[in-house]
Protein chains: 2
Amino acid sequence: MTKDTHHQPTLQDVADLCGVSTATVSRCLNAPDRVGKDTLERVLAAVSALGYAPNFGARLMAAGRSNTIGAVIPTMENAIFAQGLQVFQDTLRQAGFTLLVASSGYDPKIEAEQIRTLASRGADGLLLIGHERDASVYEFLASRQLPTLLAWAYRDKAPHPSIGFDNTAAMAELAETVLAHGHRRIGYISADPTANDRAAERLAGLRATLQRNGFSQDALSLVTTGYGVETGAQAFRQLMALPNRPTAVMCGNDVLAAGAMGAAHGLGLKVPLDVSITGFDDIELARVTTPGLTTVHVPHTAMGARAAAALVAAVSNGSDLISEKLPTRVVQRGTLGAAP
Amino acid sequence: MTKDTHHQPTLQDVADLCGVSTATVSRCLNAPDRVGKDTLERVLAAVSALGYAPNFGARLMAAGRSNTIGAVIPTMENAIFAQGLQVFQDTLRQAGFTLLVASSGYDPKIEAEQIRTLASRGADGLLLIGHERDASVYEFLASRQLPTLLAWAYRDKAPHPSIGFDNTAAMAELAETVLAHGHRRIGYISADPTANDRAAERLAGLRATLQRNGFSQDALSLVTTGYGVETGAQAFRQLMALPNRPTAVMCGNDVLAAGAMGAAHGLGLKVPLDVSITGFDDIELARVTTPGLTTVHVPHTAMGARAAAALVAAVSNGSDLISEKLPTRVVQRGTLGAAP
DNA sequence: TTCACCAATGCAAGCGCTTACATTGCCAAT
DNA sequence: ATTGGCAATGTAAGCGCTTGCATTGGTGAA
């Protein structure tokens with residue numbers, strides 16, 4: 001037998017086939033200008049003839065770079081991050097990078113674990129959602145010198161670079177709009193703000209707006225809940241059962257709002273005649289409900305593209321990651337009406 | 001200086017710290033039962049003290065295994081695959097595997113490229129969507145001996161193992177239900193069936209049902225379109241502009257159906273009084289429209305979990321991947337009514 | 001003609017880990 | 001008391017690639 005097992009072709013095979021050293025072949029692939037023109041041609045021919053593809057592990061090991069960017073997102077289950085992530089991946093792909101995605105289920109423990117996993121797989125850079133996480137995680141990142149960009153959030157004073165929008169201001173703007181419609185009793189459905197800084201900031205934006213407009217604490221009925229459509233529906237029913245039910249129910253995101261819409265329908269309440277509902281994120285869901293959801297439009301596409309470009313630059317040229325604040329805007333679609 | 005650069009701890013560091021060989025440390029991590037109990041303890045303590053994490057590249061290289069499963073899905077942009085994928089990842093994680101996701105944008109060229117990328121990154125197994133792809137891709141997979149499981153589809157005679165459901169039969173069942181409501185002119189909105197075998201099978205199921213029930217070709221008005229909510233809406237308007245407009249519009253998936261719902265509302269058509277609409281997949285969207293979408297429920301969760309378990313088994317024990325057919329069922333929610 | 005220089009290429013040392021094989025030492029069976 | 005067997009551990013050979021340094025040979029300047 002010439003060959004016992006059916007191996008993948010290696011650099012050596014290519015080198016043998018054209019009578020050069022592995023070093024030359026490697027250079028043909030990674031620094032073509034450091035090689036003679038005819039040699040280059042011959043080697044590339046051999047490469048494609050053999051169907052050679054470099055072994056990722058070996059390359060990672062020898063070069064210490066993987067051309068991979070990792071992303072840890074809270075969930076893949078709904079569309080909140082999907083659109084931005086899709087663009088993120090497309091942009092990376094065009095730059096010759098691969099995306100590794102992991103999701104944490106909104107659990108900081110799992111997130112930390114996933115970050116470590118991605119790092120140990122040689123991710124050259126990381127995309128994370130939001131600012132808030134344990135100091136040990138940031139220490140880990142620093143010790144690895146891993147370029148890390150935070151997204152879906154932006155803070156002025158933030159110690160880590162982020163690309164996103166101002167959750168607080170965006171929700172404040174929406175809240176102003178709601179108040180302008182004459183609503184005086186506001187319900188708010190939020191994901192747990194202690195474990196989710198975007199949720200916390202949005203809630204803060206709402207609170208600040210209420211206060212600024214001279215409302216008392218009682219004007220706000222807060223329900224904290226989970227992340228699905230169903231939990232949104234449940235929270236909405238809870239709010240409607242209140243003695244002094246709110247005339248407008250604002251939701252921390254579109255998924256919760258969609259649930260609220262469903263629950264309203266189930267209760268026989270007309271939106272926005274009987275009750276107004278608002279969301280946040282402007283995902284596909286928001287265009288699909290009847291009437292369309294009044295929500296905050298978030299620049300998913302721009303965010304994904306800019307984040308990818310920034311990380312690629314940081315990884316390739318070592319350029320610094322700089323924070324960027326993208327604009328949001330309130331989108332009126334129909335679920336917000338005048339207070340009854 | 002004791003150390004010039006700020007290196008990650010290596011196996012050697014751990015070994016030095018507890019006075020054993022790297023082999024022993026390696027065994028502690030990979031085959032704890034082949035090591036003395038006290039040694040194990042000491043080593044694990046050192047591991048966590050140093051914050052040691054194995055270098056992925058080195059491990060991949062030495063062991064030829066990565067504990068990684070790759071998945072190439074058509075899109076992350078909507079929820080069609082998200083739920084199944086989330087479960088898939090969770091199950092993998094619990095088995096100590098990592099998921100690498102890539103999306104192809106429904107483009108076979110990109111899919112092939114992504115498959116190669118994942119393979120070269122040392123994915124131990126692959127999850128792909130649907131059966132149809134170029135023979136060269138399957139040859140590549142075979143030459144790599146890469147355990148590959150197809151999902152979201154199931155075929156009896158299929159040459160490759162798959163776990164999913166029978167798209168043809170499921171759509172046929174839904175079509176029977178539609179016909180049972182008295183509809184005689186059916187519109188169908190489909191993604192391009194030439195590039196998507198699930199779409200093709202669903203269409204085939206519908207056609208077969210019409211034929212079985214003695215309908216002529218004219219009973220079906222087909223519109224082929226893209227993948228977003230908006231394209232669904234557009235296709236729906238197209239169907240409503242037909243001289244002999246259909247009384248029921250069936251859609252190849254829930255996203256298209258949601259678009260159709262929106263368009264119907266825009267045209268002032270009451271669903272299901274004026275026109276019936278059906279979807280396929282039963283994703284979150286289907287519960288959010290008003291009225292709820294009548295659709296085909298697909299076992300997302302079971303599919304993701306079983307697929308993960310099967311791949312883990314195949315990769316770990318070399319056990320064969322066997323096809324599995326999961327049940328679907330028609331879910332009546334309200335968008336399907338009697339023909340006007 | 002000589003020589004300094006440079007482009008093109010080869011040599012070989014790792015990168016950090018796994019694992020086949022070798023070694024050690026202890027216990028039970030003879 | 002010997003010794004075979006076995007569990008625990010060590011030794012060291014790669015895995016396939018990149019890259020610093022060495023070597024080669026051709027070029028133009030002196």
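Basis for what follows: all heavy atoms, side chains included, without hydrogens, waters or symmetry-related copies. In what follows, chains carry the letters A, B, and so on, assigned in the order in which the sequence lines appear, proteins first and then strands, with residues in each chain numbered from 1.
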Could you check whether [X] gets within reach of a base, just the sugar-phosphate, or nothing at all, counting any heavy atom under 4.0 Å?
X      : result
A:F56  : nothing
A:T10  : sugar-phosphate
A:G122 : nothing

[X] side chain, from C-beta outward: closest of [options]:
X     : options                : answer
B:R27 : D:dG10, D:dC17, C:dG10 : D:dG10
A:S21 : C:dG10, D:dT9, C:dT9   : C:dG10
B:A63 : D:dT18, D:dT9, C:dT19  : C:dT19
A:R59 : C:dG16, C:dT9, D:dC17  : D:dC17
B:S26 : C:dT19, C:dC11, D:dT19 : C:dT19
B:A62 : D:dT18, C:dC17, C:dT9  : C:dC17
A:R34 : D:dC17, C:dT9, D:dA12  : C:dT9

Return the value, rounded to whole Å, for the distance between atom [atom1] of [X] and atom [atom2] of [N].
X      : N      : atom1 : atom2 : answer
A:Q12  : C:dA12 : CD    : C1'   : 12 Å
B:L60  : C:dC15 : CG    : P     : 18 Å
B:L40  : D:dA8  : CG    : C1'   : 12 Å
B:D124 : C:dT18 : CG    : P     : 14 Å
A:N67  : D:dC17 : CG    : P     : 16 Å
A:D16  : C:dC11 : CG    : P     : 12 Å
B:M61  : C:dG14 : CE    : P     : 15 Å
A:R121 : C:dC17 : CZ    : C1'   : 15 Å

Tell me, yes or no, whether the heavy-atom count around [X] atom [atom1], taken from other residues, nucleotides or ligands under 6.0 Å, exceeds 12.
X      : atom1 : value
A:D320 : CG    : no
B:R65  : CZ    : yes
B:R133 : CZ    : yes
B:R155 : CZ    : yes

query: What are the two closest non-hydrogen atoms of A:P9 and A:L50, and how far apart are they?
result: CG-O, 3.5 Å

- prompt: Phosphate oxygens OP1/OP2 of D:dT18: is one of them under 4.0 Å from a side-chain N or O of A:N30?
  reply: yes

query: Where each residue is assigned the nucleotide of DNA chain D containing its nearest heavy atom, which of A:P9 and B:A23 is assigned the position nearer the 5′ end?
result: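 Between the two, 5'-proximity favours B:A23.
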
field: 5'-most by nearest nucleotide on DNA chain D - B:V20 or A:L29
entry: B:V20

- request: Show your working on salt bridge (charged side-chain N to carboxylate O under 4.0 Å, His left out) between B:R93 and A:E113 and close with a plain yes or no.
  value: CA-CA 11 Å; B:R93 218 178 60 79; A:E113 182 191 322; 2.9 Å; yes

